[in-house]
Amino acid sequence: MQDQKQFELAIATYSQALEYHPNNINILFNLASSWRELEQFDTAINCYQRVLEIDPTFIDAHNNLALSFEENGQIETAISHLQQAATQNPDHAELQSNLGVMLYQKGDVKGAITHYQLAIAANPDFAEAHFNLSNALLAVGDFPKGFAEYEWRWRCASTQLPPLPGKRWDGRDLQGQKILLYAEQGFGDTIQFIRYASRVSQRNGEVMVACSKELVRLLTGIPDIQFTYQTDFFPDVDWHLPLLSLPFVLQEMPNQVPWQVPYLSPPEETTIFLEKPSSNGLKVGIVWSSGYRKTKGLLRIHKMKSIPLPTFMKFLSIPKVALYSLQVGLNSRDITQFGFEEQLQDLSPQLKDFADTAAVITQLDLVISVDTAVAHLAGALGKPVWVLLPFSADWRWMLEREDSPWYPTMRLFRQKQPGDWNGVLQQVSQSLLSPLNQTDL
């Protein structure tokens with residue numbers, strides 16, 4: 001029943017079984033896990049604690065109890081519990097890795113690295129620990145080791161690479177042969193790493209990139225690169241490589257990031273004109289929500305990165321600042337839902353792909369965005385862009401810094417405390433009101 005995702009039925013069955021076997025730790029554990037799947041964390045925590053009262057050595061119960069605390073917003077309790085469990089079981093790789101994940105969320109990246117390394121020492125083939133380590137190493141700027149560990153992503157259960165034609169490219173001269181670069185992960189990842197495709201074309205071969213259809217029209221303007229849609233059928237080529245493996249294969253160092261901008265531009269035939277603002281002020285495009293995903297883990301990331309539109313507008317409704325919405329998808333409806341039609345021009349009906357969005361961005365003075373693909377697009381276009389980051393930001397924004405090695409026109413605004421968007425937006429508002437900052441734009 002758990003395997004079939006019928007958690008309510010599983011709970012009823014396990015609860016009935018407990019009437020006859022009240023101290024059966026396997027039944028209690030499965031019951032707790034069912035409650036956790038339904039996000040009834042308080043009940044799940046009580047069940048896991050009952051398991052550990054009966055058997056304090058039940059490692060999976062320790063692990064899942066800590067995860068339940070963390071998912072319930074009690075991360076300090078979760079860390080404390082994992083630290084105790086890991087001290088008693090130092091060679092348990094999953095405990096060490098999960099402790100690393102939670103320390104990373106709290107901003108202790110060096111501590112996270114230590115525990116990821118302990119996890120790998122306990123289980124050298126633990127792909128998730130290697131991948132977690134890669135994110136932490138990249139965040140602290142150790143690109144060579146970080147991108148080497150990043151290659152473990154393809155061994156993680158949650159990541160799959162489709163069968164690609166040809167052999168995996170190792171960086172050799174192509175000698176006129178063909179290579180397919182596969183654009184993996186999200187739109188922003190492709191925009192960020194497409195800059196490396198030109199490096200491949202310098203290796204004397206024919207370069208083709210398979211990417212999402214929403215990006216093809218935008219990227220087609222890159223010289224010496226062919227683009228095709230991602231489908232189940234790929235053209236015959238001699239070599240292939242996932243796009244985000246290029247820094248590793250090319251052995252790029254932090255000071256060698258190709259960051260000359262703009263490296264993208266909208267197609268000439270793309271014409272979208274903005275309504276003129278009522279006064280000669282700044283034209284600012286905004287994005288308040290990252291891409292919505294239904295799966296549990298990605299939905300959690302979406303919520304962490306996104307800002308409620310009313311919170312956004314409370315700080316950005318400023319005289320002589322005309323706001324244009326670059327938000328697409330489900331959250332574009334927030335404009336009418338919260339009644340901001342008069343304060344915010346909704347461009348979503350005109351934004352059919354990223355080429356359209358690029359055409360709009362080139363007409364703006366500034367883009368203010370949460371961590372999503374539009375932020376990468378504005379940076380790639382060489383436009384001033386302010387990115388609003390959660391406390392535990394993605395590795396690519398590194399730690400503490402207000403600038404980015406990836407985009408010279410980008411400025412980063414970071415939460416000082418988890419969930420504190422008011423503090424971030426207050427800083428953004430003050431920067432918008434500053435004549436000096438407006439002159440810099």
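By convention here, the first residue in the shown sequence is residue 1. Being a predicted model, the structure only gives us computed values, none of them experimental.
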- Should we say atom CD of E341 is surrounded by more than 12 heavy atoms from elsewhere, each under 6.0 Å from it? yes

Would you say R155 has more than 12 foreign heavy atoms packed within less than 6.0 Å of its CZ?
no

Does the side chain of [X] come under 3.5 Å of the side chain of [Y] through a donor N or O and an acceptor N or O?
{"X": "S245", "Y": "E151", "value": "yes"}
{"X": "S33", "Y": "Y48", "value": "yes"}
{"X": "W397", "Y": "D371", "value": "yes"}
{"X": "N132", "Y": "N135", "value": "no"}
{"X": "S201", "Y": "D224", "value": "no"}
{"X": "S289", "Y": "S306", "value": "yes"}
{"X": "S317", "Y": "Q343", "value": "yes"}
{"X": "Q415", "Y": "D420", "value": "no"}

A side-chain contact here means heavy atoms from C-beta on lying under 4.5 Å apart; do [X] and [Y] qualify?
{"X": "I120", "Y": "Q96", "value": "no"}
{"X": "F41", "Y": "E39", "value": "yes"}
{"X": "F143", "Y": "L138", "value": "yes"}
{"X": "E71", "Y": "R36", "value": "yes"}
{"X": "S198", "Y": "I222", "value": "yes"}
{"X": "I75", "Y": "F69", "value": "no"}
{"X": "L65", "Y": "I45", "value": "yes"}
{"X": "P390", "Y": "S392", "value": "no"}

W288 vs D334, test: side chain to side chain donor-acceptor pair (under 3.5 Å). Steps then yes/no. CA-CA 10 Å; W288 58 91; D334 295 348; 2.9 Å; yes

Notebook entry, point to check: Salt bridge between R217 and D353, side-chain N to carboxylate O under 4.0 Å?
Noted result: yes

Query raised in the report: Hey, is E184 close enough to R153 for a salt bridge, meaning N to O under 4.0 Å?
Result: yes

Rounding to 0.5 Å, atoms CD (Q327) and OG (S332) come to a distance of 7.0 Å

Can you name the closest pair of heavy atoms from [X] and [Y] and give their distance?
{"X": "S68", "Y": "A44", "answer": "OG-CB, 4.3 Å"}
{"X": "H130", "Y": "P124", "answer": "NE2-O, 2.8 Å"}
{"X": "Q192", "Y": "W395", "answer": "NE2-CH2, 4.4 Å"}
{"X": "I194", "Y": "L243", "answer": "N-CD2, 4.1 Å"}
{"X": "Q185", "Y": "L244", "answer": "NE2-CD2, 3.4 Å"}
{"X": "P262", "Y": "L381", "answer": "CB-O, 3.3 Å"}

| message | Before you tell me yes or no, could you show the steps for E76 and K106 under salt bridge (charged side-chain N to carboxylate O under 4.0 Å, His left out), namely the whole-Å CA-CA distance, both residues' side-chain angles and the distance that decides it to 0.1 Å? | response | CA-CA 9 Å; E76 296 288 359; K106 288 293 295 179; 2.8 Å; yes

So, for [X] and [Y], is the gap between ring centers shorter than 6.0 Å?
{"X": "H376", "Y": "Y407", "value": "yes"}
{"X": "Y150", "Y": "F131", "value": "yes"}
{"X": "F193", "Y": "W406", "value": "yes"}

### Message
Working note: L351 + I272, criterion side chain to side chain contact (heavy atoms under 4.5 Å, CB included); need CA distance, chi angles, decisive distance, verdict.
### Response
CA-CA 9 Å; L351 304 180; I272 300 177; 4.2 Å; yes

Quick note, salt bridge (Lys or Arg N to Asp or Glu O under 4.0 Å) partners involving residues 172-181, not counting sequence neighbours, are D170-R172

Side chain to side chain contact (heavy atoms under 4.5 Å, CB included) with I368: of V321, V387, L432, only one passes, and it is L432

Result for side chain to side chain contact (heavy atoms under 4.5 Å, CB included) between I286 and one of L316, L366, V370, L388 points to L316

Fill in: R414/E400 under salt bridge (charged side-chain N to carboxylate O under 4.0 Å, His left out): CA gap, chis, key distance, verdict
CA-CA 8 Å; R414 299 174 181 270; E400 298 179 355; over 6 Å; no

query = How far apart are the C-alpha atoms of E94 and N63, what are their side-chain angles, what is the distance that settles it, and do they pass the side chain to side chain donor-acceptor pair (under 3.5 Å) test?
reply = CA-CA 8 Å; E94 190 172 357; N63 190 57; 3.2 Å; yes

So ring pair (Phe, Tyr, Trp, His ring centres under 6.0 Å) across residues 343-375, not counting sequence neighbours, yields F187-F354

